[in-house]
Amino acid sequence: FELAICQAYMMLAKDDPINAAAQIYAGYVAEVPLEQEEKELLHTLICARLAQSLTMGAFSYSKDPNNEYLLITAETGWVALEAMEKISEADFLARMEAEAAKR
């Protein structure tokens, strides 16, 4: 889960969120190899973390509308989540592996 959480947050406010995720992935797997099952879950886990963060931010803001800090993820989180929705799980993993192969 740590890798997916890191990737999700590093994708925020990036011109190419998928590339940001790939850079994190490449560095991580250079030190800690992943099992195939773990690799295959990354797309879903990243989407889940982004959705969780967006949902909790919106809920918290509804309870405290003067706290603009709670909207930080909302500004860029939707862009990252939409980028993830546009790429298939297989293509996402292929991008991750291609970046890792460069190292």
So, using side chain to side chain donor-acceptor pair (under 3.5 Å) as the criterion, who are the partners of E85 when residues are at least two apart?
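None.
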Partners passing side chain to side chain donor-acceptor pair (under 3.5 Å) against D16 (at least two apart in sequence or in another chain)
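Once residues adjacent in sequence are excluded, D16 has no partner under the side chain to side chain donor-acceptor pair (under 3.5 Å) criterion.
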Could you report the tightest heavy-atom contact between [X] and [Y], atom names first, then the distance?
X	Y	result
L12	A80	CD2-CB, 4.3 Å
P17	A83	CG-CB, 4.1 Å
A13	T76	N-CB, 3.3 Å
L45	A4	CB-CB, 3.5 Å

Examine the side chains of R49 and Y9 and answer whether a donor and an acceptor come within less than 3.5 Å of each other.
yes
Do [X] and [Y] make a side-chain contact, defined as non-hydrogen atoms from C-beta onward lying under 4.5 Å apart?
X	Y	value
I18	M11	yes
I46	I5	no
K14	N19	no

Other ILVMFWY residues reachable from V79 by side-chain steps of under 4.5 Å
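Members other than V79 - counting any ILVMFWY side chain reachable under 4.5 Å - there are none.
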With rounding to the nearest 0.5 Å, note down the distance linking CG in L50 to CG in L81.
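Result: 5.5 Å between the selected atoms.
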Between atom CD of E89 and atom SG of C47, what is the distance when rounded to the nearest 0.5 Å?
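That separation rounds to 8.0 Å.
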Could you list all the ring-ring contact (aromatic ring centres under 6.0 Å, His included) pairs where at least one residue sits in residues 75-103, not counting sequence neighbours?
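The answer is H43-F92.
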With a 3.5 Å cut-off and sequence neighbours excluded, list the donor-acceptor pairs that the side chains of residues 61-75 form with protein atoms.
unit_1: Y61; atom_1: OH; unit_2: P65; atom_2: O; d: 3.1
unit_1: S62; atom_1: OG; unit_2: F59; atom_2: O; d: 2.6
unit_1: N67; atom_1: OD1; unit_2: Y69; atom_2: N; d: 3.2

Would you be so kind as to tabulate the donor-acceptor pairs closer than 3.5 Å made by side chains of residues 30-39, with sequence neighbours excluded?
unit_1: Q36; atom_1: NE2; unit_2: E40; atom_2: OE2; d: 3.1
unit_1: E38; atom_1: OE1; unit_2: E35; atom_2: N; d: 2.6
unit_1: K39; atom_1: NZ; unit_2: E97; atom_2: OE2; d: 3.2

Walk me through whether L93 and L42 qualify under side-chain contact (heavy atoms from CB on, under 4.5 Å).
CA-CA 8 Å; L93 183 53; L42 277 177; 5.5 Å; no
Quick check: does any side chain N or O of Q7 sit under 3.5 Å from a backbone N or O of A21, one acting as donor and the other as acceptor?
yes
